[in-house]
Amino acid sequence: MRTPPDIPRRIIDWFAANGRELPWREPGFPAWGTLVSEFMLQQTPVARVIPRLAEWLERWPTPEDLAKVPAGEAVRAWANLGYPRRALWLHQAAVEITERHGGIVPDDVDALLALTGVGDYTARAVSVFAYGSRHPVVDTNTRRVLARAIDGDGEPGPPSARRDLAALENLLPDDLVDAHAFNAGIMELGAIVCTARNPRCDDCPIADACAWRRAGYPPFEGKRKTVQKKYEGSDRHVRGLIMAELRAAHLPVTVREINSLWADAAQRDRALAGLVADGLAVQQEQGYVLP
DNA sequence: GATTCGTGGAC
DNA sequence: TGTCCAAGAAT
């Protein structure tokens with residue numbers, strides 16, 4: 001597939017002029033802050049992350065500060081960001097950084113990948129955005145831009161780290177500063193212009209080079225990512241109700257209180273057992289508490 | 001590779 | 001109103 005050589009340059013220039021001012025893009029923002037922000041941004045929109053991130057960094061300015069409090073404090077401060085296991089994992093990562101890296105967030109992708117809760121995206125995002133190293137960083141926004149502009153598809157297929165990283169590496173500038181700006185810029189383009197629904201192609205710096213647009217926006221026919229199950233009435237729903245109760249309580253939550261949250265006993269027990277297995281709830285004599 | 005895992009806003 | 005989707009990771 002033909003790829004105009006100036007696509008990276010145009011995205012870099014567009015990003016310099018149109019990128020949002022976000023906390024983690026401010027000069028001098030600490031690597032720890034970048035790591036925390038990336039954990040929070042895993043499946044949670046930017047607007048909801050910003051206030052929680054500020055609180056978090058004020059309370060725990062370094063990994064060591066977080067590592068020395070109980071994990072339950074992290075889960076409580078996570079509030080309603082969703083997927084509370086991420087709070088548990090971030091706390092564990094802080095412990096690992098304190099024990100294995102002298103309290104300094106590592107800059108090496110492999111060292112980052114070894115941290116709990118850090119995967120292909122987060123490891124590279126921290127290495128690149130916090131430390132300026134040169135790696136492809138591929139998130140859902142980038143995957144969508146590549147699918148459309150390069151492959152001519154309306155949607156990216158199911159993610160594959162190997163393929164996705166190779167696809168971005170093909171476009172990644174050699175220069176360190178340019179590579180950083182391109183990684184950030186293509187993500188930003190996917191986030192605010194090349195959006196999943198109603199893309200704003202009139203504002204796109206590479207619209208004239210976009211394979212999907214050139215082909216007349218054909219409907220997507222490839223394999224779609226698995227559809228999200230309905231939340232209402234699901235196990236996740238019940239887990240969420242229990243977690244909200246645990247976060248709000250400063251005394252053990254009794255079985256009676258948990259029973260009042262959901263009528264279906266089998267589903268309730270399944271959810272509670274799952275939370276205990278995940279380490280998000282701990283059973284005591286009087287009831288359940290955060291870890 | 002397919003599933004599971006919260007929460008809330010946008011359309 | 002219900003569906004879609006959001007800077008993913010672990011299993």
Side-chain angles (χ1 to χ4, degrees), chain A residues 15 19-20 22-25 33-53 75 78-90 92-93 112-130 135-145 154-165 168 183-192 194-200 220 223-247 270-271 273-275 277-281:
Chain A
F15 179 59
R20 293 166 293 179
L22 297 170
W24 43 91
R25 291 178 181 163
T34 301
L35 181 64
V36 174
S37 75
E38 295 298 350
F39 264 85
M40 291 183 170
L41 287 164
Q42 293 167 4
Q43 299 287 278
T44 299
V46 167
R48 285 170 52 204
V49 163
I50 289 175
R52 293 289 89 74
L53 175 66
V75 175
W78 197 257
N80 61 345
L81 289 178
Y83 293 151
R85 288 189 294 192
R86 289 180 293 161
L88 221 47
W89 291 340
L90 177 54
Q92 179 59 29
L112 286 159
L113 279 171
L115 299 173
T116 301
V118 174
D120 290 312
Y121 165 75
T122 301
R124 290 171 179 79
V126 170
S127 183
V128 170
F129 298 141
H135 298 282
V137 182
V138 179
D139 77 330
T140 186
N141 294 306
T142 294
R143 290 182 354 90
R144 185 171 51 250
V145 174
E155 303 174 24
S160 157
R162 269 190 48 190
R163 281 199 305 272
D164 298 339
L165 290 169
L168 190 59
N183 273 313
I186 192 169
M187 281 176 62
E188 186 77 342
L189 186 63
I192 67 180
C194 192
T195 48
R197 289 178 295 187
N198 306 323
R200 302 163 53 193
F220 183 66
K223 190 185 294 185
R224 317 193 68 141
K225 50 189 173 190
T226 46
V227 217
Q228 236 174 55
K229 279 188 189 162
K230 189 167 73 169
Y231 181 71
E232 188 71 26
S234 67
D235 283 5
R236 289 153 77 176
H237 186 176
V238 183
R239 286 171 58 109
L241 292 174
I242 297 172
M243 285 308 299
E245 196 73 15
L246 292 177
R247 286 196 305 268
R270 190 165 63 240
L275 291 173
D278 290 344
L280 284 164

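Note on naming: letters A, B, ... go to the chains in the order of the sequence lines (proteins, then strands), and numbering restarts at 1 for each one.
Residue A:Thr122 places at least one side-chain N or O closer than 4.0 Å to OP1 or OP2 of C:dA9. Between A:Arg52 and B:dG6 there is no side-chain polar atom (N or O) within less than 4.0 angstrom of OP1 or OP2. At the phosphate of C:dA7, neither OP1 nor OP2 sits under 4.0 Å from any side-chain N or O atom of A:Gln42. A sub-4.0 Å separation between OP1 or OP2 of B:dT4 and a side-chain N or O of A:Lys229 is present. Phosphate proximity of B:dA2 to A:Lys223: present, with a side-chain N or O under 4.0 Å from OP1 or OP2.
Remark: A:Arg236 engages A:Tyr83, A:Tyr231, A:Ser234 in a side-chain contact (heavy atoms from CB on, under 4.5 Å) (not counting sequence neighbours).
Formation of a donor-acceptor pair under 3.5 Å by the A:Arg270 side chain with backbone atoms of A:Asp235 is not found in this model.
Residue-level contact check: A:Ala125 touches neither bases nor backbone, having no heavy atom under 4.0 Å from any strand. Across all strands shown, A:Arg247 has heavy atoms under 4.0 Å from sugar-phosphate atoms exclusively, and none from any base. Using a 4.0 Å heavy-atom distance criterion, A:Val118 is classed as a sugar-phosphate-only contact. Within the 4.0 angstrom heavy-atom criterion, only backbone atoms of the sugar-phosphate kind lie near A:Gly119; the bases stay farther away.
Atom CG of A:Leu81 and atom C1' of C:dA6 are 12 Å apart (whole Å).
When the C1' atom is used for both B:dA2 and C:dA7, the distance is 22 Å, rounded to whole Å. Here the separation of B:dG6 from C:dC4, taken at their C1' atoms, is 15 Å to the nearest Å.
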Are there any protein N/O atoms within less than 3.5 Å of an N/O atom in nucleotides 8-11 of chain B, and if so, which ones and at what distance?
residue: B:dG8; atom: OP1; partner: A:Asn80; partner atom: ND2; Å: 3.0

